[in-house]
Amino acid sequence: MRHFWVLVLLSALGLGSGCTVIRELPKEETAKQSSGIEYELSKRLLVAFMKNDGKAFIACLPDEAKKNLDLKGFATFRKSVLDSMGEPISFRYVTALELTVFTPHIWKIRFRRTDPRTQEEFTSEALFRVITGKTSQKEAVITGFQFI
């Protein structure tokens with residue numbers, strides 16, 4: 001009976017619970033507007049997508065990627081995004097992630113669409129990642145992009 005009361009007392013004091021304290025990381029500053037050639041290139045790609053400018057979008061890509069994406073491919077890609085998310089109406093730069101060779105630039109895009117049943121308009125958001133790098137000549141190149 002004595003062991004029972006010891007266990008009750010330890011539990012009440014939280015000594016037997018095995019709790020772990022996890023400290024929060026210090027708050028980071030809110031994302032600052034980035035600059036530089038890689039940021040500008042990723043922004044041009046996004047603006048071309050927003051404006052439905054396939055030529056400008058493809059012009060941002062390296063030669064290897066241009067071989068795999070033509071105006072028809074851009075239109076198909078954009079249509080699939082619009083069908084699932086709606087029409088893009090605004091965007092905001094979120095951050096660049098720190099990696100050794102490549103720089104993922106993260107953008108938040110707001111979309112608007114209308115519910116076909118109720119005709120009610122609503123918005124939603126998605127993240128768009130543009131991965132950039134630099135060539136040996138210090139030129140910025142896009143190595144990949146995707147909605148995440």
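Computed from heavy atoms alone, side chains included, the values below leave out hydrogens, waters and symmetry copies.
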Requested in this report: Give the cluster check for Leu46 versus Val81: same hydrophobic cluster or not, with ILVMFWY residues linked at side-chain heavy-atom distances below 4.5 Å.
Outcome: yes
Query raised in the report: Rounded to the nearest 0.5 Å, what separation is found between the NZ atom of Lys43 and the CZ atom of Phe91?
Result: 5.5 Å
Requested in this report: Using a 4.5 Å cut-off on heavy atoms from C-beta on, say whether the side chain of Lys55 contacts that of Asp53.
Outcome: yes
Report summary line: To the nearest 0.5 Å, atom CD of Glu87 lies from atom CD of Glu121 at 11.0 Å
Query raised in the report: Does Arg117 pair with Asp115 as a salt bridge, N-O distance under 4.0 Å?
Result: yes
Query raised in the report: On the ring face of Phe49, is Arg78 found with NZ or CZ under 6.0 Å from the centre and within 45° of the axis?
Result: yes
Report summary line: To the nearest 0.5 Å, atom CZ of Phe147 lies from atom OG of Ser80 at 8.5 Å
Report summary line: Looking only at heavy atoms, the pair that brings Met50 and Ser90 closest together is CE-N, 3.5 Å
Report task. Could you pull out the closest heavy-atom pair between Met85 and Glu125, with the gap in Å? Result -> CE-O, 3.9 Å
**Report entry** Atom of Thr103, atom of Ala96 and distance for their closest heavy-atom approach
**Finding:** CG2-CB, 3.8 Å
**Report entry** Separation of Ile106 CD1 from Ile148 CD1 (nearest 0.5 Å)
**Finding:** 4.5 Å
Report summary line: Heavy-atom nearest pair, Arg113 first then Ser84, reads NH1-O, 2.7 Å
Report task. Show the numbers, then the answer: is there a side-chain hydrogen bond (donor to acceptor under 3.5 Å, both in side chains) between Thr123 and Arg112? Result -> CA-CA 4 Å; Thr123 59; Arg112 177 178 41 228; over 6 Å; no
Query raised in the report: Take atom NZ in Lys66; do more than 12 heavy atoms of anything else shown fall under 6.0 Å from it?
Result: yes
Query raised in the report: Parallel under 30°, tilted from 30 to 60°, perpendicular over 60°: which one fits the rings of Phe77 and Phe145?
Result: perpendicular
Report task. Just do the side chain to side chain contact (heavy atoms under 4.5 Å, CB included) check on Phe74 and Asn52 with the steps written out, would you? Result -> CA-CA 9 Å; Phe74 169 78; Asn52 195 19; 3.4 Å; yes
Requested in this report: Kindly write out the residues that satisfy salt bridge (Lys or Arg N to Asp or Glu O under 4.0 Å) with Lys79, not counting sequence neighbours, or none if the list is empty.
Outcome: Asp83
Query raised in the report: Which heavy-atom pair separates Phe111 from Ala126 by the least distance, and what is that distance?
Result: CE1-CB, 3.9 Å
Query raised in the report: So, do Val130 and Pro104 sit near enough that their side-chain heavy atoms are less than 4.5 Å apart?
Result: no
Query raised in the report: If every non-hydrogen atom of Ala140 is compared with every non-hydrogen atom of Glu38, which pair is closest and at what distance?
Result: CB-CG, 3.8 Å
Query - Ser42 OG to Ile37 CD1 distance, which is reported to the nearest 0.5 Å - result: 11.5 Å
Query - Distance-only side-chain donor-acceptor flag, His105 / Tyr93, under 3.5 Å - result: yes
**Report entry** Heavy-atom check, side chain of Leu61 versus side chain of Val141, under 4.5 Å
**Finding:** no
**Report entry** Gln119 backbone acceptor or donor facing Thr114 side chain under 3.5 Å
**Finding:** no
**Report entry** Residues which pass salt bridge (Lys or Arg N to Asp or Glu O under 4.0 Å) with Arg44, listed by chain and number, not counting sequence neighbours
**Finding:** none
Requested in this report: Could you tell me whether the side chain of Thr135 and the main chain of Gln137 form a donor-acceptor pair under 3.5 Å?
Outcome: yes
Query raised in the report: Can you tell me how far CD1 of Ile142 sits from OG1 of Thr132, rounded to the nearest 0.5 angstrom?
Result: 7.5 Å
**Report entry** Side-chain touch Trp107/Thr95, heavy atoms, less than 4.5 angstrom
**Finding:** no
**Report entry** For Glu64, salt bridge (Lys or Arg N to Asp or Glu O under 4.0 Å) partners two or more places apart
**Finding:** Lys67
Query raised in the report: Val47, Phe128: one ILVMFWY side-chain cluster at the under-4.5 Å cut-off?
Result: yes
